[in-house]
Amino acid sequence: MKDLKHLYFFEKLLEDAHNDLVRQAQAQGRRCVATVCENIPEPLLNLPGVFAVRFRAPRTGTTEMAGYYLTSFLCEYTKALLERAMEGGYNFADCMIAPDGCSMLNRCVENMELLKTMQKEAFFYEYMEIPMKADDNGLKLYVLQCRNHILKPLAERLGIDVSDGAIRSAVEEHNRVCRLIRQIGEYRREENPRITGYEFHILTLATYTAPKDLLVQRLEETLEELKNRKPDAKNPWRIRVLLAGSEVDDVDLIRLIEECGAYVCADRFCYGSFPGREEIGLTQEEDALTQICRQYMYRGQCARYMNQAKIQERRSYVARLAGEYHADGIIYEQMKFCDPWAYERMVGTQVLREEYHYPVLSVDRPYAVGNSGQLRTRVQAFVESVELKKLQGGGR
C-alpha cells in the first residue's frame, strides 16, 4: 500500500517524550500535566491552559540506575520511566498526577519525587486513590479524588479554569479525537484492510503523548486519505488477531506480530483505542465531573477493578471485540513482573480458550521488545497453528 502522508510525522513524534507538539504547545504558554496511567480522566488534564502527556520511555536501553532504587521484581515500564526521569528526559513537564493504579507505579513516581528528578522550581506531584470496585461508593471516591488532586491543584497552583463549562469544553475536544480514532479504526474490520495494525497503533499512541488539538488536522487528513486508499491486491495476512493485556507503548511489538503474518485487527491494552478512545456522553442534568468519573469507572477494563462483575466483564469484553473485528485468535500479553495483569492473563487465557473457544497465545514480554527472537518464534508458531486450523475447516 502507498504510505500514509503523515505516518512519518507520527513516527518521529513518538521517538521522544518531549516531542515537537509538546514544544509547540508550551511555546503558546500552555502547561504540561503528566500522568502514567489510564485511570486518570484525560479531559480533566486538557482544560484551557494545560495539556496532558502520558509518560513513556521510547528507545529504552539499560535501566541500571533505576534498578538501584527499584527492586528487580518491578515491571520494566516503571523502571524505564524512573531511568528516563533520572536522565532528565521529563524536565519539560510542569506537574505529575499519579494514581495508585498499582503499587509499582507508586514506587516509581515516589522515587522521581524523592530524587528530585524534575528541575522546574514550581513542579508539584499529586497522588490519587482509585477505587477497586465499580459501584456507588467507588464513584464517590473517584469524584472526590479528582476534585482534590486534579482540579483543586490546577486551579490553585496554575490558575486554570476548572469550572463545569471548562470541563465540558475539554470533553468536546476529547470526543473529537476519539471519533477520528474510532472512524480510522473501523477500516480494520475489512477482510483486506486498508490500514495496518502498526499504522493504527502509531496514530492512537500519539493521541496519548501529544496535545490533542494539535493532532486533529492530521488525523482528519489521514481519515480522508484512507477513504480512497487501495489495499494490496493480495491480502498479505495469514490470520487476524486481537492483542489484549497490559501497557503497550512499544511500536515494535505490533510491528513484530504483523511481520509474522498476524494482522492486529483490534486492541485491548493500556494506550489502546478500546476502551480508551470511547466518547464521553454528557447531559445537563448532572455535573460534568461526576459523569466523566462514572463513565471512566464503569467502562474501564483495568485489572485493578476486583469486583466480580468487572472481572467477568473483562473476559467478555475481549471476546466481544474479537467477534466484532473477525479475529481468528487472541494474543494475551503481559509485561514481565506486572502483578495485576499476570493474574488476569493467566485466568483470562483459560476462560477465552475454554468458554469462548478462541485460540490464545499467552506471553509475558519485556517493556522494549526490539527484535526479540524468542517472541518472534512463539508468534510464528501461533500463526501457523491457527492457519492450519482454518485450512482444515475447524474455524475457532
Engineer: Taking Lys79 first and then Glu76, would you say they form a salt bridge - that is, a charged N and a carboxylate O separated by under 4.0 Å?
Structural biologist: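 No.
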Engineer: Measure the acute angle between the ring planes of Tyr296 and His174, then classify it against the limits of 30° and 60° as parallel, tilted or perpendicular.
Structural biologist: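 Judged by the thresholds at 30° and 60°, the geometry between Tyr296 and His174 is tilted.
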Engineer: Taking the six-membered ring for Trp, are Trp237 and Tyr263 parallel (under 30°), tilted (30 to 60°) or perpendicular (over 60°)?
Structural biologist: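 The rings of Trp237 and Tyr263 sit tilted, inter-plane angle from 30° to 60°.
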Engineer: For residues Ile184 and Phe200, determine if any side-chain heavy atom of one lies less than 4.5 Å from a side-chain heavy atom of the other.
Structural biologist: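 Ile184 reaches Phe200 side chain to side chain.
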Engineer: Hey, what do you get for CD (Glu83) to OG1 (Thr60), rounding to the nearest 0.5 Å?
Structural biologist: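 The CD atom of Glu83 sits 8.5 Å away from the OG1 atom of Thr60.
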Engineer: Apply salt bridge (charged side-chain N to carboxylate O under 4.0 Å, His left out) to the pair Arg315 and Glu344, showing each step before the final yes or no.
Structural biologist: CA-CA 9 Å; Arg315 289 83 189 248; Glu344 184 67 24; 3.1 Å; yes
Engineer: Do Arg157 and Cys95 come close enough that some side-chain heavy atom pair is under 4.5 Å?
Structural biologist: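 No; the side chains remain at least 4.5 Å from each other.
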Engineer: Check the pair Glu324 / Arg189 against side-chain contact (heavy atoms from CB on, under 4.5 Å), numbers first and verdict last.
Structural biologist: CA-CA 8 Å; Glu324 290 178 358; Arg189 295 179 188 263; 3.8 Å; yes
Engineer: Could you tell me whether Glu191 and Arg240 have a side-chain N and a carboxylate O separated by less than 4.0 Å?
Structural biologist: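 Result for this pair is no, no salt bridge flagged.
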Engineer: Under a 3.5 Å threshold, yes or no: a donor from one side chain and an acceptor from the other, between Gln291 and Gln295?
Structural biologist: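 No.
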Engineer: Between Gln26 and Val22, is there a side-chain heavy-atom distance shorter than 4.5 Å?
Structural biologist: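 Heavy-atom side-chain distance check passes, below 4.5 Å.
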Engineer: Apply the test salt bridge (charged side-chain N to carboxylate O under 4.0 Å, His left out) to residues Arg168 and Asp164: give CA-CA distance (whole Å), side-chain angles for both, the deciding distance (0.1 Å), then the verdict.
Structural biologist: CA-CA 6 Å; Arg168 290 176 183 272; Asp164 189 76; 2.6 Å; yes
Engineer: Could you tell me if the side chain of Leu289 sits less than 4.5 Å from the side chain of Leu44, heavy atoms only?
Structural biologist: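 Yes, their side chains come closer than 4.5 Å.
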Engineer: For residues Thr209 and Arg56, is any side-chain donor paired with an opposing acceptor at under 3.5 Å?
Structural biologist: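 No, no side-chain donor-acceptor contact under 3.5 Å.
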Engineer: Looking only at side-chain N and O atoms, does Glu384 offer a donor or acceptor that is under 3.5 Å from a partner on Gln380?
Structural biologist: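 Checked: Gln380/Glu384 side chains show no N/O donor-acceptor pair below 3.5 Å.
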Engineer: For Tyr332, does the six-membered ring have the charged nitrogen or CZ of Arg268 within the cation-pi criterion, i.e. under 6.0 angstrom from the centroid and within 45° of the normal?
Structural biologist: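 No, Arg268 does not lie over the aromatic ring of Tyr332.
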Engineer: Any ion pair linking Arg294 and Glu286 (charged N to carboxylate O, less than 4.0 Å)?
Structural biologist: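 The answer is yes: the pair qualifies as a salt bridge.
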Engineer: What's the shortest heavy-atom distance between Ala319 and Tyr356, and which atoms?
Structural biologist: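 That closest heavy-atom pairing would be CB-CD2, 3.4 Å.
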Engineer: Any carboxylate oxygen within less than 4.0 angstrom of a Lys/Arg side-chain nitrogen, looking at Glu224 and Lys227?
Structural biologist: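 Salt bridge flag = yes for Lys227 with Glu224.
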Engineer: Are Tyr127 and Glu113 linked by a side-chain donor-acceptor pair shorter than 3.5 Å?
Structural biologist: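 A pair is found: one side chain offers a donor N or O, the other an acceptor, under 3.5 Å apart.
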Engineer: Is there a donor in the side chain of Glu259 and an acceptor in the side chain of Tyr198, or the other way round, less than 3.5 Å apart?
Structural biologist: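 Short answer, no.
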Engineer: Please name the pair of heavy atoms, one in Ile292 and one in Pro43, separated by the smallest distance, quoted to 0.1 Å.
Structural biologist: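 Closest pair (atom of Ile292, atom of Pro43, distance): CD1-CB, 4.4 Å.
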Engineer: Taking Glu220 first and then Arg176, would you say they form a salt bridge - that is, a charged N and a carboxylate O separated by under 4.0 Å?
Structural biologist: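 A salt bridge is present here (some side-chain N lies under 4.0 Å from a carboxylate O).
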Engineer: Are Phe9 and Leu214 connected, step by step, through hydrophobic side chains (Ile, Leu, Val, Met, Phe, Trp, Tyr) whose heavy atoms are closer than 4.5 Å?
Structural biologist: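 Yes, Phe9 and Leu214 fall within the same hydrophobic cluster.
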Engineer: Set out, in order, the CA-CA distance, both residues' side-chain angles and the distance that settles side-chain contact (heavy atoms from CB on, under 4.5 Å) for Val36 and Tyr77, then state yes or no.
Structural biologist: CA-CA 10 Å; Val36 290; Tyr77 175 60; 4.3 Å; yes
Engineer: Atom NZ of residue position Lys120 - does it have more than 12 heavy atoms of other residues, nucleotides or ligands inside 6.0 Å?
Structural biologist: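 Atom NZ in Lys120 is packed in, count exceeds 12.
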Engineer: Would a line drawn from the ring center of Tyr90 to the ring center of Phe123 be shorter than 6.0 Å?
Structural biologist: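 They do not qualify: ring centres at least 6.0 Å apart.
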Engineer: Applying a strict under-4.5 Å side-chain criterion to I, L, V, M, F, W and Y, I'd like to know whether Met65 and Met112 cluster together.
Structural biologist: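 Yes; tracing contacts between hydrophobic side chains, which count when under 4.5 Å, links both residues.
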Engineer: Kindly check if the number of other-residue, nucleotide or ligand heavy atoms within 6.0 Å of CD (Gln374) is above 12?
Structural biologist: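 Not buried by this count: 12 neighbours or fewer within 6.0 Å.
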Engineer: Over all heavy atoms of both residues, which pair between Phe10 and Leu219 is shortest? Give the atoms and the distance, please.
Structural biologist: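 Heavy atoms of Phe10 and Leu219 come nearest at CZ-CD2, 4.0 Å.
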Engineer: Is Arg188 positioned over the aromatic face of Tyr325, cation under 6.0 angstrom from the ring centre and no more than 45 degrees off axis?
Structural biologist: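 Output yes; distance and angle both within limits.
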